[in-house]
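In what follows, a structure is listed as structure tokens, so that the remarks can point back to it.
Source: prediction; values computed, not measured. We name chains A, B, ... by the order of the sequence lines, and we start the count at 1 in each one.
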Number of protein chains: 2
Amino acid sequence: MLKLSRLTDYAVVVLSRMGRDSEPLQSAPGIAARTGLAEPTVAKVLKILAQSEIVEGLRGARGGYRLTRPLSSITLAEVIVAFDGPIALTACVDGGMGGCESEHLCPVRGRWDPVNHAIREALAGISVADLAGGGCGASLSFTTDQFVAAE
Amino acid sequence: MLKLSRLTDYAVVVLSRMGRDSEPLQSAPGIAARTGLAEPTVAKVLKILAQSEIVEGLRGARGGYRLTRPLSSITLAEVIVAFDGPIALTACVDGGMGGCESEHLCPVRGRWDPVNHAIREALAGISVADLAGGGCGASLSFTTDQFVAAE
DNA sequence: GGAAACCGGACGCGGTTGGTCCTATTTGAC
DNA sequence: GTCAAATAGGACCAACCGCGTCCGGTTTCC
């Protein structure tokens, strides 16, 4: 699998929808209604996106969320990091971070770094706008990870 | 995270150890003893590796496992596929495979493909020999995913 | 002052992973 | 010919994590 979390998938859908709409400020309930996703879920996604400053939340009545940047400048890597944490195939992120008590014994220490960097670069080269496409005006009622292909 | 399964990590350790040893035929209990991993776990890892024909199992007394190829020709992608299934960030693997009943509505359909291909290529470009290194003669008592860095 | 909306955290259910064990089969040694 | 050693394959159980939900609190506009 290597599959990313469902929330990440929702985030792409939500961001795509936000970018498609002309209204700059959109409420979580409104986005939920337009995407067909559950409202609490959309709210959670937007909260996380706001923490990463990918969207900006405005409180109060008539509040809502708006994109801080155009979709074309939001990379897939950013979104994944926001939900799944640092992009690294193993937990020994970049071989730094001390704390692994068996560091001096770990034979593969540091050797995953090139792999992780390669993946990071691949994900940083794709923007949400690329994923959203442009011609598809569908209602985004469904997400991409509906089921898994058995190995 | 995007972290791979623990079994995959074990597999890299086991393969590295097998490649380091001069004996071509090694038993699962023997490898377990040399790596410090639990014997049932090593057996499970080797069984899966054998199904993928990365190693070959010889039954009977004095049996064991041996590499079918040198470590340098075993790619990381192969190992990951053996344990985690097809390499794809979402479940809609390559947008093929019909079955997604909302295919005609799915706005990001097919757009993940370039990402998946990029990651696949990155992983296919790294061999187990690269990960195993060559100079480290440690006992491989520990694996790489001991703990997770909190997001 | 009330309503609408965001913010942050806590809770509980479900699915998946990971570790173990059991049995069957094969093969070499005595 | 019999026994021991080792792989093959599957089943089972416990622990963990993702994730959907809900709650109280705060802010802002009408």
Side-chain angles (χ1 to χ4, degrees), chain A residues 1-11 13-14 18 23 25-33 35-66 80 82-85 91 143 145-151, chain B residues 1-11 13-14 18 23 25-33 36-66 68 80 82-85 91 143 145-151:
Chain A
M1 15 162 151
L2 270 189
K3 72 165 179 287
L4 35 81
S5 78
R6 192 170 302 205
L7 276 296
T8 308
D9 196 12
Y10 293 157
V13 174
V14 167
M18 290 180 74
E23 297 285 335
L25 199 60
Q26 304 173 51
S27 70
I31 295 174
T35 57
L37 299 174
E39 181 180 323
T41 301
V42 172
K44 187 172 200 173
V45 166
L46 286 168
K47 276 187 277 190
I48 296 175
L49 287 173
Q51 288 174 348
S52 300
E53 296 179 348
I54 294 173
V55 301
E56 181 186 13
L58 300 184
R59 306 174 72 160
R62 308 280 299 172
Y65 291 93
R66 71 176 157 215
I80 293 177
F83 289 87
D84 293 337
T143 59
D145 61 349
Q146 294 290 84
F147 53 93
V148 197
E151 175 205 351
Chain B
M1 9 159 168
L2 271 189
K3 72 166 179 290
L4 36 79
S5 78
R6 193 171 302 206
L7 275 298
T8 308
D9 196 12
Y10 293 156
V13 174
V14 167
M18 289 181 74
E23 296 285 333
L25 200 60
Q26 305 174 50
S27 70
I31 295 174
L37 299 174
E39 180 181 322
T41 300
V42 172
K44 189 174 199 172
V45 167
L46 286 168
K47 275 186 277 191
I48 295 175
L49 287 172
Q51 287 175 349
S52 300
E53 295 179 349
I54 294 173
V55 302
E56 180 187 12
L58 300 184
R59 306 173 71 159
R62 308 281 298 175
Y65 292 94
R66 70 175 157 216
T68 58
I80 293 177
F83 289 88
D84 294 337
T143 58
D145 61 349
Q146 294 291 84
F147 53 94
V148 196
E151 176 206 350

5' precedence on DNA chain C between A/K44 and A/G57 (nearest-nucleotide basis): A/G57

Comparing B/E39 and A/L46 on DNA chain C - which has the more 5′ nearest nucleotide: A/L46

[X] [atom1] to [N] [atom2]: how many Å, rounded?
{"X": "A/Y10", "N": "D/dG20", "atom1": "OH", "atom2": "C1'", "value": "8 Å"}
{"X": "B/D9", "N": "C/dG18", "atom1": "CG", "atom2": "P", "value": "10 Å"}
{"X": "A/L58", "N": "C/dA5", "atom1": "CG", "atom2": "P", "value": "13 Å"}
{"X": "B/I48", "N": "D/dG9", "atom1": "CD1", "atom2": "P", "value": "11 Å"}
{"X": "B/E56", "N": "D/dA6", "atom1": "CD", "atom2": "P", "value": "18 Å"}
{"X": "B/K47", "N": "C/dG18", "atom1": "NZ", "atom2": "P", "value": "16 Å"}
{"X": "B/L7", "N": "C/dT16", "atom1": "CG", "atom2": "P", "value": "16 Å"}
{"X": "A/L25", "N": "C/dA4", "atom1": "CG", "atom2": "P", "value": "17 Å"}

4.5 Å side-chain heavy-atom contact, [X] and [Y]:
{"X": "A/L49", "Y": "A/Y65", "result": "no"}
{"X": "B/T8", "Y": "B/S5", "result": "yes"}
{"X": "B/V55", "Y": "B/R66", "result": "no"}

Sugar-phosphate, base or nothing in reach of B/A38, heavy atoms under 4.0 Å: sugar-phosphate

Touch class at under 4.0 angstrom, heavy-atom based, for B/A43 against every strand present: nothing

Would you say [X] reaches [N]'s phosphate, i.e. side-chain N/O to OP1/OP2 under 4.0 Å?
{"X": "A/Y65", "N": "C/dC7", "result": "yes"}
{"X": "B/R62", "N": "D/dA6", "result": "no"}
{"X": "A/T41", "N": "D/dT21", "result": "yes"}
{"X": "A/S27", "N": "C/dC6", "result": "no"}

Side-chain-base donor-acceptor pair under 3.5 Å for B/R59 and C/dT25: yes

Contact summary for B/A82 and B/S52, nearest pair of heavy atoms: CB-OG, 3.2 Å

CD1 on B/I54 to CD1 on B/I48, rounded to 0.5 Å: 10.5 Å

Minimum-distance nucleotide (side-chain atoms of A/R6 versus D/dC19, C/dA4, D/dA4): D/dC19

